Undergrad: 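Below is one structure. I have some questions about it.
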Amino acid sequence: MSTRFSRRTFFRGAAVLLAGAVAAACTRNGQPEPRGYDAEPRPLPIPPLYEGELIDGRRRFQVTTQAGSAEILPGIVTTTWGFSGGHLGPTFRAHRGEDVTVDITNELDEMTTIHWHGMKLPAWADGGPHSPIEPGATWTPEWTVDQPAATLWYHPHPHERTALHCYRGLAGMFLLDDEVTAGLGLPEDYGVDDIPVIIADVKFTADGQLDEEIDPTFGLLGDTPLVNGITNCRFQATTRRLRVRLLNAAGMRFHHLAFSDDRPFHVIASDSGLLAAPEEVDSVLLGPAERVEIIVDLEPGEEVTLRSVGLDNNFGIPTGENSPDFGFQDAFNLLQITGPGNDAPQPPELPGELDPAAQASPDLRGAPRREFVLNTFEINGRLMDMERVDFVIDHRGPELWTVTNENADWPHNFHIHDARFKVLSLTGTDVAEVTTSGWKDTVALPPGSTAELAVEFGWHPDNTMPYMFHCHMLLHEDMGMMGQFMVVAPGQEPDLVPMSE
Ligand SMILES: [Cu+2]
């Protein structure tokens with residue numbers, strides 16, 4: 001057994017001891033409960049909905065990054081970071097076509113950046129590693145929302161520090177609305193039948209603080225799952241139908257999500273918006289940063305639990321003592337859901353069609369083709385270099401990107417800024433669970449697999465600021481598994497302004 005594995009086992013033991021100290025009752029109905037189920041469930045926290053202020057047609061938001069604390073475990077105060085609060089952040093909402101301004105004041109004692117994951121916007125407003133916000137400073141990105149309704153999110157992106165900043169609790173949702181989505185009769189009452197579910201994980205020190213030791217293979221992979229910032233929570237539904245917006249905000253962990261009774265449910269949206277039609281499934285795999293919106297129907301008074309269930313195929317990673325354990329076979333109870341009262345009305349038929357425009361893939365005739373080979377911490381044999389622009393895109397059309405995970409026993413999760421893509425094919429793997437439906441911005445790559453992506457980019461030509469493409473397993477990103485591209489006017493050369501340090 002490797003040293004790394006032993007150390008993880010030790011931390012798991014520490015967390016179990018801690019949980020035991022919190023509440024003696026660690027079993028229910030005689031069955032051992034998974035980690036994080038150490039006490040009676042608390043109500044699911046719902047991050048406050050934040051629509052900013054509409055001033056002369058411009059939606060203006062204001063947010064701080066700050067240190068604080070949270071009761072992640074009941075009765076234990078853990079030091080955390082948050083947006084305009086102690087932990088996580090408000091759920092932003094804006095509408096397609098609106099102009100958006102955000103004032104972000106950094107009240108932390110170190111530099112960070114804030115990235116709008118999934119948003120098509122100018123590179124200077126994207127919040128990547130070239131947009132540092134120093135302590136005490138305010139950064140004010142502006143853009144026009146010009147993309148379909150979707151469940152996006154925001155999180156830090158400072159060079160080599162992203163994993164830690166996210167782990168401490170800097171993450172929030174950013175919902176985009178449009179007329180297509182509004183006209184479908186989908187649940188849309190935030191916190192009532194339209195529920196944000198942010199899944200992350202942490203590991204604790206013996207005194208209940210965040211264990212920030214970064215493992216060289218697993219980074220900050222936690223052993224205790226959190227939903228909207230706490231362990232062991234319950235949502236009391238008041239309607240028979242829920243739209244659940246699932247975000248995997250974990251830095252390293254993949255979740256294969258299902259309900260405790262294996263009930264079927266419908267996926268209605270992927271990372272970048274609605275599917276063409278609902279897809280009935282009984283489980284869905286979410287890698288770090290991926291999102292889906294699902295519709296789940298409930299009977300009055302019933303109890304069902306959203307779970308993370310192990311992947312029998314271990315995501316194509318060999319099992320055994322000498323193989324790294326990324327947690328693909330771990331099982332967790334994440335969120336208990338209780339059905340509504342008997343008087344809750346029956347929901348209408350789910351529409352057979354959602355967004356027909358989401359069906360088509362880009363026309364790739366004559367499109368440039370690029371290849372990306374992911375291996376350990378490198379892309380195409382190179383580590384991230386803040387001063388290097390890997391390539392430029394000087395046209396408005398789509399591109400065909402081929403992305404290969406060359407590792408035999410590591411997962412990767414490929415994300416592109418300022419873009420959405422269709423997964424045209426996923427080959428070289430038997431793992432059928434990878435989520436490939438609809439428009440996406442992040443795709444999970446089992447060992448040996450190759451994904452062909454038809455990519456569309458936002459068009460905000462700027463030859464001074466790059467966008468990132470990277471692995472969204474945050475240890476990998478921080479270790480250099482990232483590159484930079486620019487979107488420039490035809491024929492323009494990059495003129496990257498070096499960061500002053
Ligand atoms: Cu990776």
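The model shown is predicted, which means the values in this text are computed figures rather than measured ones. Counting starts at 1 for both ligands and their atoms, in listed order.
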Undergrad: For residues 415-425, which residue pairs qualify under salt bridge (charged side-chain N to carboxylate O under 4.0 Å, His left out), counting only residues two or more places apart or in two chains?
TA: R420-E456

Undergrad: Can you name the residues that form a salt bridge (charged side-chain N to carboxylate O under 4.0 Å, His left out) with E293, not counting sequence neighbours?
TA: R243, R245

Undergrad: Which residue pairs satisfy the salt bridge (charged side-chain N to carboxylate O under 4.0 Å, His left out) criterion with at least one member in residues 366-380, sequence neighbours excluded?
TA: R369-E452, R370-E399

Undergrad: Drop me the distance from C233's SG to L306's CG, to the nearest 0.5 angstrom.
TA: 10.0 Å

Undergrad: At less than 2.8 Å, how many protein N/O/S atoms surround the Cu ion (ligand 1)? Leave waters out.
TA: 3

Undergrad: Has the side chain of D478 got a donor or acceptor atom that lies under 3.5 Å from a matching backbone atom of T162?
TA: yes

Undergrad: Looking at I393, I416, D126, D462, which one forms a side-chain contact (heavy atoms from CB on, under 4.5 Å) with Y467?
TA: D126

